[in-house]
Amino acid sequence: MEQAGRGLAGLSKSYDPKPIEDKWYSKWIEDGVFKADPNSGKPAFSIVIPPPNVTGSLHLGHALDNTLQDILCRTRRMQGYEVLWMPGTDHAGIATQNVVERAIREEGGDRREMGREAFVKRVWEWKDEYGSRIIGQLKKLGASCDWDRERFTMDEGLSRAVRRVFVELYKKDLIYRGKYLINWCPRCLTALSDLEVEHRELDGRLYSVRYDFVDGDGSVTVMTTRPETILGDTAIAVHPRDERNRHLVGRRVAAPITGRVIPVIEDNMVDPEFGTGAVKITPAHDPNDFLVGLRHDLEQISVMDDQGVMNENAVKYRGMDRFEARAAITDDLRNLGLLLDEIPHRHSVGHCYRCNTIVEPYLSEQWFVRTRPLADEDVAAVNSGKIRFIPEQWTATYHQWMENIRDWCISRQLWWGHRIPAWYCCDCGKITVAADEPASCESCGSKRLYQDEDVLDTWFSSALWPFSTMGWPDETPELEKFYPTSVLVTGFDIIFFWVARMIMMGLEFMKKPPFRDVYIHALVRDEHGQKMSKSKGNVTDPLVIIEKYGADALRLTLAALTLQGRDIFLSESRIETYRFFLNKLWNAARFALMSLEDAEHDIDEIDYGELRVHDLWIMARVSSTAEEMTRLSDGYFFGESSRLMYDFVWGELCDWYLELSKPALKGEEGDARKRATQSVLYSVFRDVLKLLHPVIPFTTEELWHVFGYGDTIIGRSSWPVPRDVPGGDAATSAMECIQAVTRAMRNLRAEVKMPPQQEAPEMRVRIKDSSIFDSIAKNEGLIRILSRVNRIEFMRDDAEKPEKSISYITGSWEIFFPVGSLLDIDKEIARLRAESAKLSKEAERISRKLSNKNFIDKAPAEVVEHDRAALADAESRIRRIEENISGLR
RNA sequence: GGUCGAUUAGCUCAGCGGGAGAGCGCUUCCUUCACACGGAAGAGGUCACAGGUUCGAAACCCGUAUCGCCCACCA
């Protein structure tokens, strides 16, 4: 596999990722490059992977997330850090239970018939299959995780951490159990936290219903969007300071349908401006009403069962689905003359984030985390700068949520997950909470105990991920070395679900925040900006892209499109753009390798005495590019750094340097020049490959070995540091001149439609500015190569300008392209006139500016100077163009 | 109802105080010995609208409009 020395080594004419990627990934694993040593003396850099769900396969969001993490890890390794990238997967309780249930149903089975034990066994089988599929996909992408450390949120170690945390929080009274109104999914048959409910606007109806006073004297009208909950009404409420309605307080009405006699009460929750100012109170089916019910000690009457079907409290509607019941009750109210009005009404309705069923506020016994005390610490950590969000704007989003946080319902009525470590006593009924199954009830000593049937919210275990994966609650070398982690890379969609809760748990149990930086990236959308989803059918499988374009092309595309705070619209044409870049790089390397094949000398020795302006220029440019890359990398500027390399390689290295180096490499300038140029080329490519390696590890690894830069892999080489290039600055200025002159010459050639391969016989350059005469004239050879001109004549300012030429004119120099009788004089005059007119407009604008006293007084001196120079340049150009025009006539 | 973001070339987006940039697409020319997945040269924009600050605004501030995201106990 190792290439001995340099050579084309069968480098294909176009870039083909297929033979490269698997080969190098295996080699990296074999060499143990990704292994993290907690006993290392190097500074630590650590990241925990946001564990993908074991529900299915990776999507482009994962590809982005992991590409960015990989770029950071690979860069830091080259910069001398001991890097731990902790990999693993999440059991994803409700999501995984749902997909496995569906699979079982498709086979004609049923979870309940199977029983809990058999079902859980089946989910583990699923986890083994899909978990390893996901890991395989991450490897295809090139992720440099320390795979020996792979963890799963339900493996033994992490389960132990979960139980420990539960017990400790319970002992601190930060976990409690109680009967509350929670969000219930009637399809998944489980409680959900507030976050797991997605609110969506729906078109509903707002019904006005009449409630008659039991004393027969009048009525009160209330509005509702959910007439079926009338069956659970236990009060009518008005605002205490509502003049219109306060006389009603204390009277009693008969609820429609049920005839239940209920009081009119007063409560601040009521908005006196809405409708009639009176509201029906259903404590068992509405979160607000629930709180009102607690304040007024109202009866809580559930009218539905756990599947959203009307129960025994629903009298004649019993057995109807909740929406069926709504229609039936509306009809009945209408027939009874109690339905006074009915208007269309758009309102927001909660849906289950996993199955999209409309959730039901439902009264049940659940476990909760008391979040307020934990949240206060979190906010303090972010405010004090211990945790930094990047981009910063997410700090505000985070705060807003933390400040309004409510208790977190953590119990789920599922089978797949961490069973709640709480046991109930058959004798005294008390609860024993313990990390391991208790032998007896801690209250009465009874041995007759049974464990809580419920499992924990999946996010409870992922909240512990940064330290549970490192061996907590044991004190391990990993925790010592790598906690807190350096940065968390994730999408904004799980800031609340995951990031906030990790901060809570990290601060509570480790006394340190779990990460220093939180880099929040955008969402990957399709080319039209649509969110990718299975139902829209616009999901792109990263593996399909990798198969077609290669992992490096996908990685580079994602990185280049990652600009802070913007969603990524991904399309194949964009991937092609970066795939073309890889081909360009590949061919540039091919060219370099061809040119190095006969290099016999010590190629690492650069003979500075033999270097020309373009050699010094490219070396200086590599150095400043390396410096810039370090800065961009430190600041998480993924898009900017990828584009910087793209522009440097294509726009400078390939477009200019490789072209300029050709004569020397062909030996046209002598052996010493050839050797020096070979050395420069060799040195430049080494740094370019290193700088690109974090983004395109496979391609750079392959080329690294073909170039023969060392026996070890590129990931073990060191990150380029800026180098002082003697004469580099002067060379850079000279090159700017050369580039400008060259562009002008090409322009003139195109003007007369001279084919690019046809060598122009002669160009004349009249240089007005004597300070640049040398840097241009001295480099005649370079300009000739780039412009494909046989002969260039340089003239001082006082020289006669040539006849019958078309011209390109700047303030400092003029280029004449003699075309003799071929010249269409009228056309050339028209062109120059247009040019002159454009310049006049420009000159007029600047001169207006310069005649503004305020501008001269207040603008910085260099700006004024810049404009003066610009005006002088424009005026000089106009003058020369006019001279030219009169000369042509 | 509240927050945040967006509005710049046909498309996707950079630029965030000193007279507008990239990629793709488009036009013209070119298979030259690294690359046609390429090269060279072009065309194309009152920087959403209306005010303000400033010597100077695409950029900063205040509105307006449109789009998008998130949050919310909208009966």
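Proteins get letters first, then strands, A, B, ... in listed order; numbering begins at 1 in each. We use all heavy atoms of the structure for the numbers below, so side chains are in, but hydrogens, waters and symmetry mates are not. This one's a predicted model, so the numbers in the text were calculated from it and none came from an experiment.
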Under-4.0 Å side-chain N/O to phosphate OP1/OP2 contact, A:Trp650 with B:A34:
no

Give one of base, sugar-phosphate or nothing for A:Arg579, where a contact means two heavy atoms less than 4.0 Å apart.
base

Between A:Ser14 and A:Lys280, the residue closer to the 5' end of RNA chain B by nearest nucleotide is A:Ser14

Looking across every strand, which nucleic acid part, if any, lies under 4.0 Å from A:Glu659 by heavy atom: base, sugar-phosphate, or nothing?
base

Touch class at under 4.0 angstrom, heavy-atom based, for A:Ser348 against every strand present:
base

Who does B:C55 pair with, Watson-Crick or G-U, both distances under 3.5 Å?
B:G18

Give the rounded distance in Å between these two atoms: CG of A:Leu195 and P of B:C69.
18 Å

So if I take every side-chain heavy atom of A:Asn852 and compare against B:C37, B:C55, B:A41, which nucleotide ends up nearest?
B:C55

Rounded to whole angstroms, how far apart are CG on A:Asn404 and P on B:G2?
15 Å

Does any donor atom in the side chain of A:Glu196 or A:Tyr353 lie under 3.5 Å from an acceptor atom in the other side chain?
yes

Residues forming a side chain to side chain contact (heavy atoms under 4.5 Å, CB included) with A:Ser641, sequence neighbours excluded
A:Met629, A:Leu632

Between A:His345 and B:A75, does any side-chain N or O lie under 4.0 Å from OP1 or OP2?
yes

What is the nucleic acid contact for A:Asp655, judged by heavy atoms within less than 4.0 Å: base, sugar-phosphate only, or nothing?
sugar-phosphate

Determine whether the aromatic ring centres of A:Tyr362 and A:Trp184 lie less than 6.0 Å apart.
yes

Taking only the side-chain nitrogens and oxygens of A:Lys584, find out if one of them lies under 4.0 Å from OP1 or OP2 of B:G39.
yes

Here the distance between atom P of B:G5 and atom CH2 of A:Trp394, to the nearest Å, is 10 Å

Check: A:Arg590 side chain, B:C35 base, donor-acceptor under 3.5 Å:
no

Ignoring hydrogens and geometry, is there a side-chain-to-backbone donor-acceptor pair from A:Arg749 to A:Ser787 under 3.5 Å?
yes

Roughly how many Å apart are B:C49 and B:U12, using the C1' atom of each and rounding to a whole number?
24 Å

Does A:Asn747 have a side-chain nitrogen or oxygen under 4.0 Å from the phosphate oxygens OP1 or OP2 of B:G42?
yes

Is there a Watson-Crick or G-U wobble partner for B:A36 with both distances under 3.5 Å, and if so, which one is it?
none

Looking at the rings of A:Tyr578 and A:Tyr549, which for Trp means the six-membered one, are their centres under 6.0 Å apart?
no

Nucleotide of B:C70, B:C37, B:C74 approaching A:Glu201 most closely (side-chain heavy atoms)
B:C74

Polar pair under 3.5 Å, donor/acceptor by atom type, side chain A:Lys13, base B:C35:
no

Need the pair for B:C49. Rule: Watson-Crick or G-U wobble, both distances under 3.5 Å, any strand; none if unpaired.
B:G63

A:His345, NE2 atom: more than 12 neighbouring heavy atoms under 6.0 Å:
yes

Backbone N/O of A:Glu835 and side chain of A:Arg877: donor-acceptor pair under 3.5 Å:
no

Under a 3.5 Å cut-off for both contacts, is B:U31 paired Watson-Crick or G-U wobble with anything, and if yes, with which nucleotide?
none

For B:A9, the nucleotide meeting Watson-Crick or G-U wobble distances (both under 3.5 Å) is none

Is any side-chain N of the basic residue among A:Asp598 and A:Lys674 closer than 4.0 Å to the acidic one's carboxylate O?
yes

A:Asn583 CG - B:C35 P separation (whole Å):
10 Å

Pair assignment for B:G68, Watson-Crick or G-U wobble, requiring both distances under 3.5 Å:
B:C4

For nucleotides 18-23 of chain B, list the nitrogen or oxygen atoms of the protein found under 3.5 Å from its nitrogen or oxygen atoms, one pair per line.
{"unit_1": "B:G19", "atom_1": "N7", "unit_2": "A:Arg845", "atom_2": "NE", "d": "2.7"}
{"unit_1": "B:G23", "atom_1": "O2'", "unit_2": "A:Thr577", "atom_2": "OG1", "d": "3.2"}

Atom CG of A:Leu644 to atom P of B:A14: distance rounded to whole Å?
17 Å

At under 4.0 Å between heavy atoms, what does A:Lys662 touch on the DNA or RNA strands: base, sugar-phosphate, or nothing?
base

Tell me what A:Val270 touches on the nucleic acid: a base, only sugar-phosphate, or nothing, going by heavy atoms under 4.0 Å.
base

Nearest to the side chain of A:Asn854, which nucleotide is it out of B:A34, B:C55, B:C71?
B:C55

A:Arg848 near the nucleic acid: base, sugar-phosphate alone, or nothing, with a heavy-atom cut-off under 4.0 Å?
nothing

Cation-pi geometry met for A:Lys662 and A:Phe591 (6.0 Å, 45°)
yes

Specify the separation, in whole Å, of atom CZ of A:Arg788 and atom P of B:A41.
13 Å

Given B:A34, B:A75, B:G2, which nucleotide is nearest the side-chain atoms of A:Gln400?
B:G2

Nearest-angstrom distance from the residue atom CG of A:Leu786 to P of B:A40
10 Å

